Amino acid sequence: MSKQNERVVEVFGLFIKHIQEFLKEAKLNHEEYTNFVNWADRLGRKGELPLFADVFLETHVLRAMYTDKPGTQPSLLGPYFIEGSPELTEKDGDALILTQRPDEAGEKMYFKGNVSSVNGQPIANCRVEMWQNDASGKYSAFDSDAPRYNFRGHFYTDENGNFEVRHIVPLPYSIPTDGPTGEFLEYTDQHPMRPAHLHFMFEADGHETLITQVFFEGDEWLETDVADGVRLDLMTKIEENNGRKEAKLDFVMREQ
C-alpha cells in the first residue's frame, strides 16, 4: 500500500470516528438523520458542496494552519475561481487593465501591491492571479453575461516585487440562497452576505502558493462575513488621490 493510500485510510478513519461521535452526541432520531442525508444529497446534486465547504469549513482550516505562522494570512479560494485566465498586457499608464470591456460599469480603481518573502527580500517575477466581481455583484462565467474572463487575469511582479492593476471597486454580494446552502442559512438564522473583496493567488519558486483576499475598511459586512474570511492583515483603505480611487497592500510569502 502506498503512503498516499495509507494517509487516505488514516484520514477517513478519523472522519468516520468523529461523525459517529457527533451522531451519538446529537442524539438524532431516524427522521432527522434521513432529512440530513437527503439534504446532503441535494447539496451534492446542486453542485453546492464546494460553496458550503468554502463558507463553513475552509476558513477554520486556514486559521488552524496559519494563524501563528509568519507571512500574509491566506483566505478562501472561493467557488468563483476558474482556470485559464489570460495574461494581462494592456495598460493604463503603469497599471495593467483587468477588465475586458471598454465601457465597464463601476467606479474605476487602482490597486498597488508588493510581494516579498518572509526574509524581507522582494520577489521578482512572481505570478499573480487576480479576480473580482463586477458592478452587478456577479463573477464572470457564473450567471453573468460578461466575457468569460472579465475581471480575471494573471501577471508578474517587476524586479522589486511590485505590481499595479486598474479595475473597479468591488461590491459586497450574497452567496447563492436558492439551494441547500441557503436552506441551511435559514435554519441557522444567518445572512448570506460577503463584504467586498479582491481575490489573489501568488506563485513563486521556492515559496508556498498564497491564496488570499483583500478587504476594505468601512464595509458594513466585515464583522459578519458569512464565510468568516476577513483577516486584519488583509485589510486596506480606499483613498482618493488626484481624483482617482487607490488602494494598496503588501503581501509576504512563506518559503517552502
Side-chain angles (χ1 to χ4, degrees), residues 72 75-78 80-116 122-142 144-173 194-204 209-219 221-222 229-230 233-253:
T72 298
S75 192
L76 313 173
L77 176 66
Y80 299 118
F81 172 74
I82 60 174
E83 300 279 357
S85 75
E87 181 175 354
L88 303 184
T89 56
E90 187 178 354
K91 287 188 174 184
D92 175 359
D94 292 328
L96 292 160
I97 299 175
L98 191 61
T99 181
Q100 294 185 349
R101 298 185 289 196
D103 55 348
E104 192 70 56
E107 294 184 88
K108 189 182 297 184
M109 175 175 164
Y110 295 79
F111 184 87
K112 292 182 179 180
N114 176 268
V115 186
S116 64
I123 302 178
N125 204 39
C126 173
R127 186 184 190 277
V128 185
E129 182 107 15
M130 180 178 176
W131 66 104
Q132 69 164 92
N133 62 8
D134 62 19
S136 70
K138 296 180 179 179
Y139 287 81
S140 65
F142 292 89
S144 168
D145 58 3
R148 178 172 177 80
Y149 292 107
N150 197 50
F151 286 123
R152 301 177 183 273
H154 69 270
F155 48 90
Y156 298 86
T157 57
D158 67 16
E159 65 274 11
N160 297 310
N162 296 319
F163 66 89
E164 182 178 6
V165 180
R166 193 193 85 187
H167 54 114
I168 65 167
V169 177
L171 297 179
Y173 65 90
R194 294 221 62 207
H197 56 274
L198 304 173
H199 293 266
F200 287 96
M201 181 188 300
F202 301 90
E203 297 175 286
T209 295
L210 172 61
I211 299 170
T212 196
Q213 299 177 12
V214 172
F215 302 90
F216 303 96
E217 293 179 11
D219 193 296
W221 303 106
L222 287 174
V230 179
D233 67 341
L234 302 180
M235 196 86 65
T236 189
K237 184 177 182 180
I238 300 176
E239 300 180 320
E240 292 280 347
N241 186 12
N242 294 324
R244 72 180 199 175
K245 285 183 164 55
E246 296 181 350
K248 59 183 179 180
L249 193 68
D250 293 339
F251 303 89
V252 180
M253 300 182 70

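Owing to the predicted nature of the structure, the values given are computational and were not obtained by experimental measurement. Values below: all heavy atoms of this structure, side chains included; hydrogens, waters and symmetry mates excluded.
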Pairwise distance [atom1]([X]) to [atom2]([Y]) - rounded to 0.5 angstrom:
| X | Y | atom1 | atom2 | result |
| --- | --- | --- | --- | --- |
| Phe216 | Thr236 | CZ | OG1 | 7.0 Å |
| Ser75 | Leu210 | OG | CG | 10.0 Å |
| Ser116 | Met253 | OG | CE | 10.0 Å |
| Glu159 | Asn125 | CD | CG | 10.5 Å |
| Lys108 | His167 | NZ | NE2 | 12.0 Å |
| His197 | Leu76 | NE2 | CG | 8.0 Å |

Contacts of type side-chain hydrogen bond (donor to acceptor under 3.5 Å, both in side chains), residue [X], not counting sequence neighbours:
| X | value |
| --- | --- |
| Glu129 | Ser85, Arg127 |
| Asn114 | Asn162 |
| Ser136 | Asp134 |
| Lys112 | none |

query: Got a salt bridge between Glu246 and Lys248, using NZ or NE/NH1/NH2 to carboxylate O under 4.0 Å?
result: no
- request: Decide, yes or no, whether a salt bridge links Lys245 with Glu240 under the criterion of side-chain N to carboxylate O below 4.0 Å.
  value: yes
- request: Please confirm whether the backbone N or O of Val252 pairs with a side-chain atom of Thr72, one donor and one acceptor, at under 3.5 Å?
  value: yes
- prompt: Would a distance-only check, ignoring hydrogens and angles, find a side-chain to backbone donor-acceptor pair under 3.5 Å from Gln213 to Leu234?
  reply: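 Judged by distance alone, no pair lies under 3.5 Å.
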- request: Any salt bridge (Lys or Arg N to Asp or Glu O under 4.0 Å) involving residues 81-94? Give me the pairs, sequence neighbours left out, ordered by first then second residue.
  value: Asp92-Arg166
message: Run the side chain to side chain contact (heavy atoms under 4.5 Å, CB included) test against Leu88 and tell me which residues pass, sequence neighbours left out.
response: Leu96, Leu98, Phe155
Is there side-chain contact between [X] and [Y], with at least one heavy-atom pair below 4.5 Å?
| X | Y | result |
| --- | --- | --- |
| Val115 | Phe163 | yes |
| Val230 | Trp221 | no |
| Leu77 | Met201 | yes |
| Phe251 | Val214 | yes |
| Ser140 | Gln100 | no |
| Phe142 | Ile82 | yes |
| Phe111 | Gln132 | no |
| Pro172 | Asp219 | yes |

query: Is the Tyr156 ring parallel, tilted or perpendicular to the His154 ring (thresholds 30°, 60°)?
result: perpendicular
field: Passing option when Tyr139 is tested against Tyr149, Tyr173, Phe81, Trp131 for ring-ring contact (aromatic ring centres under 6.0 Å, His included)
entry: Tyr173
message: To check you understand the geometry: which heavy-atom pair defines the closest contact between Tyr110 and Ala95, and what is its length?
response: CD2-CB, 3.8 Å
query: Between Pro170 and Leu198, what is the shortest heavy-atom contact and its length?
result: CG-CD2, 3.8 Å
- request: For this output row, return yes or no: ring centroids of His199 and Phe151 closer than 6.0 angstrom.
  value: no
